[in-house]
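Excluded from the calculations below are hydrogen atoms, water molecules and symmetry mates; all remaining heavy atoms, backbone and side chain alike, are included. Every number for a ligand or one of its atoms is a count from 1 in the order of the listing.
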Amino acid sequence: MERCTLCPRECGANRVTGRGFCGESETVRIARAELHMWEEPPISGKNGAGTVFFCGCTLRCCYCQNHEISHGGKGFELTVEELSETFLRMQELGAHNVELVTPTHFTPQIIEALDMAGERLNVPVVWNSGGYDKPETLRMLGGRVKIFLPDLKYASADIAQKYSQAGDYPDAAFASLREMCRIAGKPVIENGVMKSGVIVRHMILPNHRRDSIELIRRLREEFSPDDLLVSLMCQYTPMYMAGEFREINRRLSRFEYETVAEELERSGFDGFFQERTSAKEEYVPEFFSEKYF
Ligand code: SF4
């Protein structure tokens, strides 16, 4: 924490005395912890995912739907003990898993909290990140995380730099995806609920279907269809600072979605196609500034 290099940005911030590019110090902050029904079917199952939304982010996506907590400062502090209790509370509520949303910059604190819960926590842990992870940091997790649910946002470094201030995103995301597949193995789903494996999420941006197609082709070059599942998302809504970029300041068209969906079908990967009707702002959960449980 005194010279943080947890994510590919490696900004080297002293998080004991200050904050990193991700906006966070060494103290854990979250903005919501509840059962969540809107993830992919085997993640939410019938009871819901036990979702914990962490504050801060190592990326700067101009269209971030969670900008209130990723960059806006909303959220509240938890001790590592309280974080551990929060994980156990998700399990008590009946969650099929403990889903860590945007966890990368709190990896050491999460490991400590999971170790405190120990064998009392017997549902799988889901790592839901923006895909901007480092293999070395993922290896720190040991066997504690069974399911990885990373974004895979861009094939082009220029686009990654323009919209997320991370020109190294494509190579970093593919390197971390290889490590995630090595750690979690091939997808295992029992009675409709995921037990282990990797689901890659890709959200298509308006006017960028060619980048999505290139991304799927690279994915197919580097992975076999049975290595992972793919979740194709079309809920893009121009939010936060997206209005500064005319080309992404609209919703996705049916043509754009179908063109990318056809490429994904051709690739042979199995997975999930999000309904276009779910592209609504109201799917963004409410976040909290003070501890509410
Ligand atoms: S996790 Fe945060 S502090 Fe650490 S290297 Fe990444 S941006 Fe910097």
Query raised in the report: Is a side-chain donor-acceptor pair under 3.5 Å present for Glu77 with Thr27?
Result: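 There is no such pair (donor and acceptor under 3.5 Å, judged by atom type) between the side chains of Thr27 and Glu77.
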Query raised in the report: Do Tyr132 and Asp168 get their side chains close enough for a donor-acceptor pair, meaning under 3.5 Å?
Result: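 Per modelled atom types, Tyr132 and Asp168 side chains form a pair under 3.5 Å.
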Query raised in the report: Between Tyr169 and Tyr154, how do the two ring planes meet: parallel, tilted or perpendicular, split at 30° and 60°?
Result: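 Ring orientation, 0 to 90° scale: perpendicular.
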Requested in this report: Output, by chain and residue number, all protein N/O/S atoms separated from atom 2 (Fe) of ligand 1 by less than 2.8 Å.
Outcome: Cys22 SG
Report task. Can you run down the salt bridge (Lys or Arg N to Asp or Glu O under 4.0 Å) pairs that involve residues 106-117, sequence neighbours left out, and say none if there aren't any? Result -> Asp115-Arg144
Query raised in the report: Quick check, are the ring centers of Tyr163 and His208 under 6.0 angstrom apart?
Result: yes
Query - Cation-aromatic face contact Arg15/Phe106, 6.0 Å, 45 degrees - result: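 Geometry flag: set, cation within 6.0 Å and 45°.
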